[in-house]
Visitor: 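First the structure, which I've put down as structure tokens, then a few questions once you've had a look.
This structure is a prediction, so every number in the text was calculated from the model and none was measured.
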Amino acid sequence: MFKTFIPALMLGAFAATASAADDGGKAAREAVEALAPGIKVESVTPAPMPGFYQVVATGRMVYVSADGRYMINGNLIDLKDKTDLSAAAWAKTRKAALAKVPEAQRLIYAPANPKHTVTVFTDVDCGFCRQLHAHIDEYNKQGIAVEYVFWPREGVKTTAGNDTPSYTKAVSVWCASDRKNAFNQAMTGASVKAATCANPVKDEFELGERLGVNGTPTIVTENGDVVGGYLTPAQLLQVLTAKGG
């Protein structure tokens with residue numbers, strides 16, 4: 001797996017066949033794809049650092065030299081401006097990707113005129129997700145709209161190829177005749193009647209994987225910034241007010 005393979009690379013440089021000149025990112029793409037089977041490169045763009053490309057692949061962002069020989073695993077910091085360029089790039093990526101998820105594929109809990117809107121990757125078996133949802137009315141009273149997308153922590157399939165319990169529960173919630181009521185019940189730990197139908201759960205899980213989600217809840221602002229983890233309504237309002245998003 002790319003995510004587990006990357007830390008080992010920090011012990012030394014990854015060498016690939018070098019090209020004599022910048023080839024528009026092809027060598028960088030091929031170098032990352034060669035790291036391990038199954039790596040899917042989402043984007044290759046010129047990095048702010050001369051001579052390197054910014055590569056997003058399998059939920060990670062790395063920087064690869066134009067000839068595909070060297071890779072930097074870590075956030076790129078502009079020391080002059082004291083800004084985290086990687087964080088800004090991730091925010092832009094998340095914002096664009098989440099904008100493509102229609103309202104019809106989200107579970108939305110919103111006040112009449114929200115001041116802020118967050119997307120929350122959630123799992124019905126996650127304790128902190130349940131704690132967050134237990135205070136959903138208070139988030140709304142603070143002017144915060146919460147739009148849930150599913151991210152079953154166990155993944156979609158077990159190693160044996162069966163649907164995971166977390167995935168099965170998420171699908172059952174989505175396919176319930178009263179979706180919100182089923183979600184409300186599931187978030188108290190109550191069982192939900194098994195159901196299947198066309199649903200966005202797998203797509204949303206894979207989206208989270210591409211965006212670097214590695215736990216629940218993951219709270220994303222309208223600007224694409226990740227601000228938590230579980231935050232109380234007051235804490236979340238404070239963060240969103242400070243960020244302006």
Side-chain angles (χ1 to χ4, degrees), residues 59 61 75 77 82-154 166 169-170 173-174 179-190 192 200-201 203-245:
M61 181 180 289
N75 283 19
I77 309 298
K82 296 181 173 57
T83 56
D84 187 332
L85 300 179
S86 298
W90 262 127
K92 183 178 179 180
T93 298
R94 293 189 201 98
K95 181 178 179 180
L98 289 172
K100 297 177 182 178
V101 180
E103 288 188 5
Q105 293 183 4
R106 303 169 180 247
L107 278 173
I108 299 176
Y109 292 78
N113 298 293
K115 299 175 183 177
H116 308 281
T117 299
V118 295
T119 298
V120 179
F121 286 87
T122 193
D123 174 54
V124 296
D125 286 331
C126 158
F128 281 112
C129 298
R130 291 177 177 178
Q131 190 170 346
L132 187 156
H133 193 65
H135 299 287
I136 195 66
D137 289 342
E138 184 59 31
Y139 289 103
N140 288 170
K141 287 178 183 177
Q142 298 277 16
I144 303 169
V146 177
E147 301 190 354
Y148 289 113
V149 292
F150 285 106
W151 199 80
R153 295 175 301 164
E154 296 175 322
S166 293
K169 291 175 186 178
V173 166
W174 186 264
R179 189 175 295 156
K180 272 195 170 181
N181 183 62
F183 183 72
N184 293 341
Q185 292 300 311
M187 296 307 269
T188 67
V192 177
V201 178
D203 289 343
E204 291 176 353
F205 175 78
E206 292 175 349
L207 172 63
E209 288 275 278
R210 294 195 301 272
L211 296 181
V213 173
N214 57 18
T216 53
T218 293
I219 303 173
V220 186
T221 72
E222 289 180 287
N223 293 330
D225 295 313
V226 170
V227 295
Y230 170 71
L231 296 174
T232 67
Q235 288 171 333
L236 183 55
L237 178 63
Q238 184 178 20
V239 170
L240 293 176
T241 300
K243 285 183 170 292

Visitor: Which atom names give the shortest non-hydrogen contact between Leu98 and Arg106, and what distance separates them?
Guide: O-NH2, 2.7 Å
Visitor: Please report the interatomic distance CD1(Ile108) to CD(Glu103), rounded to the nearest 0.5 Å.
Guide: 4.0 Å
Visitor: Would Lys95 and Asp225 satisfy salt bridge (Lys or Arg N to Asp or Glu O under 4.0 Å), going step by step from the backbone distance to the final call?
Guide: CA-CA 8 Å; Lys95 181 178 179 180; Asp225 295 313; over 6 Å; no
Visitor: Identify the heavy atoms of Tyr230 and Gln131 that sit nearest to each other, and give their distance.
Guide: CE2-NE2, 3.6 Å
Visitor: Using side-chain heavy atoms (C-beta onward) and a distance below 4.5 Å, is Gln142 in contact with Leu236?
Guide: no
Visitor: Compare every heavy atom of Ala110 with every heavy atom of Ala145, then report the nearest pair and how far apart it is.
Guide: CB-CB, 3.6 Å
Visitor: How close do Ala89 and Met61 get, counting heavy atoms only, and between which atoms?
Guide: CB-CE, 3.8 Å
Visitor: Measuring from atom CH2 of Trp151 to atom CD of Glu204, what distance do you get when rounded to the nearest 0.5 angstrom?
Guide: 13.0 Å
Visitor: Working to the nearest 0.5 angstrom, can you tell me the gap between Thr119 OG1 and Glu222 CD?
Guide: 8.0 Å
Visitor: Roughly how far, to the nearest 0.5 Å, is CG of Asp137 from NE2 of His135?
Guide: 10.5 Å
Visitor: Under 3.5 Å, is there a donor-acceptor pair between the side chain of Gln185 and the main chain of Ala190?
Guide: no
Visitor: Side chain of Arg153, backbone of Asp125: donor and acceptor closer than 3.5 Å?
Guide: yes
Visitor: So do Val146 and Val118 actually touch side chain to side chain, heavy atoms under 4.5 Å?
Guide: yes
Visitor: Determine whether Tyr139 and Tyr109 make a side-chain contact, defined as any pair of heavy atoms from C-beta on separated by less than 4.5 Å.
Guide: no
Visitor: What heavy-atom pair brings Trp174 and Ala104 nearest, and what distance separates the two atoms?
Guide: CH2-O, 3.2 Å
Visitor: Within a strict 4.5 Å, meaning less than it, do heavy atoms of the Phe205 and Glu209 side chains meet?
Guide: yes
Visitor: Can you confirm whether the side chains of Thr93 and Arg210 place a donor and an acceptor under 3.5 Å from each other?
Guide: no
Visitor: Met187 and side chain to side chain contact (heavy atoms under 4.5 Å, CB included): which partner among Asp123, Val124, Ile136?
Guide: Val124
Visitor: Tell me, do Lys169 and Val192 make a side-chain contact under 4.5 Å, heavy atoms counted?
Guide: no
Visitor: Does any part of the side chain of Gln105, heavy atoms only, come nearer than 4.5 Å to the side chain of Val149, both counted from C-beta?
Guide: no
Visitor: Please check if atom NZ in Lys141 has more than 12 non-hydrogen atoms from other residues, nucleotides or ligands closer than 6.0 Å.
Guide: no
Visitor: Just wondering, do Thr188 and His133 contact through their side chains at under 4.5 Å, heavy atoms?
Guide: no
Visitor: Once rounded to the nearest 0.5 Å, what's the spacing between atom OG1 of Thr122 and atom CZ of Arg130?
Guide: 10.0 Å
Visitor: Do Pro233 and Ile144 have side-chain heavy atoms sitting under 4.5 Å apart?
Guide: no
Visitor: Closest approach of Leu107 and Lys180, non-hydrogen atoms and distance?
Guide: CD2-CG, 4.2 Å
Visitor: Rounded to the nearest 0.5 Å, how far does CG of Leu231 lie from CD1 of Ile219?
Guide: 4.5 Å
